[in-house]
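Contents: one structure, followed by commentary.
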Amino acid sequence: MQNFCELCMIIQKLRFFSNMELSSKYNPSEIEGKWYEYWLNHGIFHSEPDGREAYTVVIPPPNVTGVLHMGHVLNETIQDILVRHARQQGKNACWVPGTDHASIATEAKVVNRLASQGIKKTDLTREEFLKHAWAWTEEHGGIILKQLRRLGCSCDWDRTAFTMDEKRSASVLKVFCDLYEKGLIYRGVRMVNWDPKALTALSDEEVIFKEHQGKLYYLRYRTVEDPEKYAVVATTRPETIMGDTAMCINPNDPKNAWLKGKHVIVPLVNRQIPVIEDEYVDVEFGTGCLKVTPAHDINDYMLGEKHHLQSIDIFNDNGTLSEAAGLYVGMDRFDVREQIEKDLAEAGLLEKVEAYTNNVGCSERTGVPIEPKLSMQWFLKMEHLAQIALEPVMKDEIMFYPQKYKNTYRHWLENIKDWCISRQLWWGHRIPAYYLPDGRFVVAPTVEDALKKAQAINPSVTAADLRQDPDCLDTWFSSWLWPISLFDGINTPGNKEISYYYPTADLVTGPDIIFFWVARMIMAGYEYEGKMPFKHVYFTGIVRDKLGRKMSKSLGNSPDPLDLIDRYGADGVRMGMMLSAPAGNDILFDESLCEQGRNFSGKIWNAFRLVKGWQVDDSVKATDAQRQAMKWMSAKITDTLVEVEDLFGKYRLSEALTLLYKLFWDEFSSWYLEAIKPEYGKPQNAETYRTTLHYFDILLRSLHPFMPFITEHLWQALEDRKEGETICNQEAKCENQEQKAVLDDFEIAKQIITGIRNVRAQKNIGNKVDLTVQAVNVSDVPFRAVVEKLGGVKEIEHVAEKAASATSFLAGNSEYAVLLDGLVDTAEEVAKLKKELEYLEGFLASVNKKLGNERFVQNAKPEIVANERKKQADAEQKIAALKASIEQLSK
RNA sequence: GGACGAAUAGCGCAGCUGGUUCAGAGCAUCUGCCUUACAAGCAGAGGGUCGGGGGUUCGAAUCCCUCUUCGUCCACCA
């Protein structure tokens with residue numbers, strides 16, 4: 001049975017490749033799925049700890065219900081390139097995929113869906129709601145992971161994790177309890193950022209400031225002491241006056257000095273409030289009078305604390321006015337703003353209104369303006385964690401690419417505030433705090449442990465008496481453990497996996513989550529593993545459209561990656577992304593880049609068709625041109641691969657790709673293959689054929705991290721491969737030493753060939769030409785046989801003087817001439833040579849000037865001076881040759 | 001308001017500790033070619049006072065100062 005299956009495979013393979021060779025066009029969709037299956041079936045991406053060096057990458061977990069967008073494509077492509085490269089190098093590559101429960105975003109989506117079904121969240125119990133949330137997660141969850149396979153991502157799918165799965169959840173609770181025991185987590189009433197739409201507190205990082213075209217309202221506050229007089233207060237938020245409990249002036253402000261010790265009446269509300277003095281008030285802003293609303297502004301809150309003011313919370317959680325406001329109860333805060341403007345004007349209490357632009361803090365998720373609100377929340381003290389996380393980055397133990405983000409990182413850590421970690425949500429890790437009937441609480445990972453602790457406080461407490469805190473933890477409180485929790489390092493410290501895979505090698509992510517995630521992972525890494533979570537952080541840029549705009553759903557300028565993959569192939573899309581994606585720079589994405597990628601796939605495909613299409617004859621010997629070309633190609637590949645490795649080390653992946661692109665397209669296809677191509681209809685000799693296959697093999701390997709599908713497909717077809725063999729673990733090794741002279745000589749040979757081609761184009765010559773050379777012997781013409789073949793040269797002859805009926809050009813340091821048999825226009829030829837001469841004389845003059853400058857000769861490094869002398873000699877030689885030719889033509 | 005980064009060919013970019021990697025590749029453009037792997041291709045060519053102005057130096061795209069423009073992050077004066 002097994003044999004039968006194998007036979008089927010072989011037949012299938014044969015049929016496949018024979019079809020393929022006939023097809024002149026590369027069709028990615030025919031082969032990509034097949035090879036991904038192949039990799040999965042052979043467990044190529046699966047990793048287990050072994051004796052090899054570990055190379056670990058953890059995926060920045062996308063939202064569990066998200067779908068692939070262009071930002072992911074960039075990010076995951078980079079990770080896959082790094083992982084595949086490491087795997088080829090023989091490292092034990094392990095790329096762990098997974099998804100994030102995205103507490104607030106997912107809960108919002110579930111709430112929306114329920115609303116569309118006429119169900120309100122508030123009508124459901126927590127358990128019922130979570131049932132819906134899990135159903136939603138299962139329905140949409142993991143779509144994005146499937147999409148990553150289309151892109152070719154070589155994740156170890158056996159390890160797929162979820163931030164809310166059992167192990168990750170247990171890790172979160174354990175860490176929470178531990179930090180509580182350490183005194184780093186506390187509960188308290190603080191001013192927090194409140195999202196009136198999501199109905200939850202947010203961390204400072206989740207608040208984004210947006211410029212808002214608003215108004216500045218000037219309100220009249222009559223004085224109690226003299227009802228005829230009033231003070232004017234400028235505010236952007238007139239709807240908060242019901243919460244005013246003081247007016248504040250600067251004690252050094254002469255124009256408001258008359259208000260000192262007085263009281264004023266809040267407009268419409270008619271409540272008396274004192275005038276207080278504080279230097280916090282900016283004399284220059286507005287009228288210099290500030291209304292103080294301690295419940296609804298962070299600065300006012302501080303003033304309130306300092307001056308022992310009353311605090312009136314006039315808002316409900318959803319942003320409508322509460323009973324405490326007394327007026328406009330139940331109306332939305334923005335409706336009140338409009339209404340109160342009218343009412344104030346009617347009452348004669350509105351002095352004026354000015355247009356005003358200010359920054360409004362908005363919820364990152366829901367987009368609505370946040371409301372500063374006093375509330376009871378859980379906080380994590382950051383001082384200690386910031387301290388342990390700062391140094392490793394500043395000392396480059398953890399390397400940031402690009403380095404400029406070190407500054408951003410330092411600034412944030414040095415000004416860090418405590419992290420509000422509780423969220424008034426149900427979808428997430430529920431805070432493991434349990435309240436006793438008397439209001440005291442215990443913190444423990446399980447109800448059982450909590451009960452024990454509770455009974456230590458009060459022996460009569462039963463499990464039924466305990467009430468668990470209803471809040472959830474911030475999503476990032478689980479993500480920050482990701483590099484550890486994926487290997488279960490929290491639950492079972494020191495286990496085999498965490499010891500082997502941690503610290504991870506590279507983290508690839510966007511700079512927008514440097515605080516949310518990167519910094520916090522570093523904190524958790526040192527706190528729980530005593531080591532960095534990763535050695536290198538590669539910050540990608542933002543993917544923008546070609547006009548430089550951020551890609552967004554509302555603009556409709558974001559292409560669907562899967563559609564792009566359908567049209568250009570995964571390799572084409574990956575290429576397109578990487579061609580212009582240096583670390584840290586935004587990339588302006590344009591579909592034409594994918595086109596370029598697809599065209600490159602086509603180029604590789606056709607080169608393969610050429611080489612594999614040759615009839616091979618063992619009895620034929622390699623020609624000189626072929627031997628010379630092979631010698632050069634070997635040196636060129638070596639040279640490029642050395643450089644590519646260097647670029648990989650510097651995470652300059654787009655430059656590495658560009659080099660390989662040029663190596664394959666220009667050097668290998670345009671120069672090498674043309675040089676070794678047998679005459680039409682003639683067979684290729686075995687030596688050249690085998691060597692070319694070998695080069696092809698290396699080129700495919702080196703391109704594989706960037707273009708995994710086509711390289712696997714062609715590598716499989718290049719030679720007979722055994723079932724289970726894969727390019728995925730084949731290193732692109734360079735076996736030669738660098739041969740600078742060979743490379744330099746070939747560049748001269750290219751110049752000669754290009755020179756001849758130019759003459760052909762200008763004179764419209766199709767036949768073979770005769771070439772003469774001065775200055776060097778015929779045998780010293782670099783890569784002479786290649787020059788003859790690619791230049792279409794009948795014969796090269798050494799001459800002392802250029803023939804009259806010839807047109808010449810310079811290559812290297814000597815002059816070459818194509819004999820033209822009377823086709824030459826002497827005047828034109830002389831003019832051309834004179835132009836060249838003029839340029840060279842100018843060049844020589846500048847070199848001479850330099851060398852004539854004593855201070856240059858004295859101060860410059862000797863090798864620089866030597867170089868100038870060489871330039872001088874070369875130029876003089878060329879000038880002499882040109883002059884001789886001109887003189888001869890002018891006879 | 002503060003900090004950081006950027007400005008080089010039509011476009012998006014590279015150019016490291018000043019001097020042969022020094023003014024560069026790629027795409028686009030233009031001119032020839034349906035040449036037998038590839039027209040999604042081949043062979044050529046033309047594009048730039050390196051944002052402006054100063055300075056240091058024998059020598060500056062590169063170092064310093066300054067101005068202009070753009071970007072990012074942080075702060076949030078109500």
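These values consider heavy atoms only, across backbone and side chains, with no hydrogens, waters or symmetry-generated copies. Chain identifiers are assigned alphabetically (A, B, ...) following the order of the sequence lines, protein sequences preceding nucleic acid strands; residue numbering begins at 1 within each chain.
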Mutual orientation of the aromatic rings belonging to A:F696 and A:F664 [parallel < 30°, tilted 30-60°, perpendicular > 60°]: perpendicular
Side chain of A:Y680 (C-beta onward), nearest among B:A78, B:U36, B:U20: B:U36
Letter per nucleotide, 5' to 3', of nucleotides 24-34 of chain B [B base touched, S only sugar-phosphate touched, - untouched; heavy atoms, 4.0 Å]: -SSS-------
Glycosidic class, syn or anti, of B:G47 using a 90° window around 0: syn
Any A:Y221 side-chain heavy atom under 4.5 Å of A:P267 side chain: yes
Within-4.5 Å side-chain heavy-atom neighbours: A:L350 and A:E341: yes
Any N/O donor-acceptor pair, A:N359 side-chain to B:C76 base, under 3.5 Å: yes
Distance in angstrom units between A:D590 CG and B:G10 P, rounded: 18 Å
Spacing of A:K417 atom NZ relative to B:C76 atom C1', expressed in whole Å: 10 Å
Nucleotide N/O to protein N/O under 3.5 Å, stretch nucleotides 4-8 of chain B:
none

Selection from B:A40, B:C58, B:A78 that lies nearest to any side-chain heavy atom of A:R598: B:A40
Qualifying residues under side-chain hydrogen bond (donor to acceptor under 3.5 Å, both in side chains), relative to A:K650, sequence neighbours excluded: A:D646
CA sep, side-chain torsions, deciding dist, call: A:E868, A:K850, salt bridge (charged side-chain N to carboxylate O under 4.0 Å, His left out): CA-CA 8 Å; A:E868 289 300 314; A:K850 236 185 216 182; 3.6 Å; yes
Plane angle bin for A:F668 and A:Y672 - parallel if under 30°, tilted between 30 and 60°, otherwise perpendicular: parallel
For atom CZ of A:F664 and atom P of B:A40, their distance in whole Å: 19 Å
Length of the line joining A:K210:NZ and B:C73:P, which is rounded to integer Å: 13 Å
Aromatic ring pairing A:F600/A:Y661, orientation class (parallel under 30°, perpendicular over 60°, tilted between): tilted
is_close_aromatic(A:F608, A:Y26), centroid dist under 6.0 Å: no
Closest to the A:A607 side chain, choosing from B:C58, B:A37, B:A78: B:A37
